[in-house]
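Atoms within each ligand, like the ligands themselves, are counted from 1 in listed order.
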Amino acid sequence: MYSDKVMDHFTNPRNVGEIADADGVGEVGNSRCGDIMKIWIKVENDVITDIKFKTFGCGAAIATSSVITELAIGKTLTEAEEITNQAVASALEGLPPLKMHCSNLAADALKSAIEDYRKNTATTAS
Ligand code: FES
């Protein structure tokens, strides 16, 4: 039911952990399944230079968090914001329809971390 890519990211997730001095942190949860995902980012000159995640959730949620860290690193904030749940699912060579909402969680957590970064820098600038 899952692609090899999903199984690979689930059994060997990339960029797991926290960034103590992160520039932005995003946390989202899905009220239906109760899964929670948290993403930390480091940003330099508008580019995501480091990204880590912790996910309390299903295998697909872990795989989508892992793959979104690979998609986002090295991207500008604007490019990273444009990563859709469809792009996450394609990078995993597809997800079963019932598991598509898990990829929303990853895209939303990344957007939330970027928003947090923008809030932090707006406060610093004023
Ligand atoms: Fe909820 Fe996967 S079942 S994120």
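For the pair Ile83/Leu110, a side-chain contact is recorded, criterion being any heavy-atom separation below 4.5 Å from C-beta on. Residues Asp21 and Lys42 form a side-chain contact, since some pair of their non-hydrogen atoms from C-beta on lies under 4.5 Å apart. Side chains of Asp50 and Ile19 form a contact here, defined as non-hydrogen atoms less than 4.5 Å apart.
Side-chain atoms of Ser65 and Thr55 include a donor-acceptor pair closer than 3.5 Å. The closest side-chain donor-acceptor pair between Asn30 and Asp35, if any, does not fall under 3.5 angstrom.
The closest protein non-hydrogen atom to atom 1 (Fe) of ligand 1 is Cys33 SG, 2.1 Å. In terms of protein heavy-atom proximity, atom 4 (S) of ligand 1 is nearest to Asp35 OD2, 3.0 Å.
Every atom of ligand 1 with a heavy atom of Lys99 under 4.0 Å away is listed here by number and element: 3 (S). Proximity to Ala61 (heavy-atom distance under 4.0 Å) selects the following atoms of ligand 1: 4 (S). Listed by number with element, the atoms of ligand 1 under 4.0 Å from a non-hydrogen atom of Leu105 are 4 (S).
For Asp4, the CG atom is loosely surrounded, since the number of other residues' heavy atoms within 6.0 Å does not exceed 12.
Taking 4.0 Å as the cut-off, Asn30 does not count as a neighbour of ligand 1 on heavy-atom distance. Ligand 1 does not have Met37 within reach: every non-hydrogen atom of the residue lies 4.0 Å or more from it.
Here Cys102 reaches atom 2 (Fe) of ligand 1: one of its N/O/S atoms is less than 2.8 Å from the metal.
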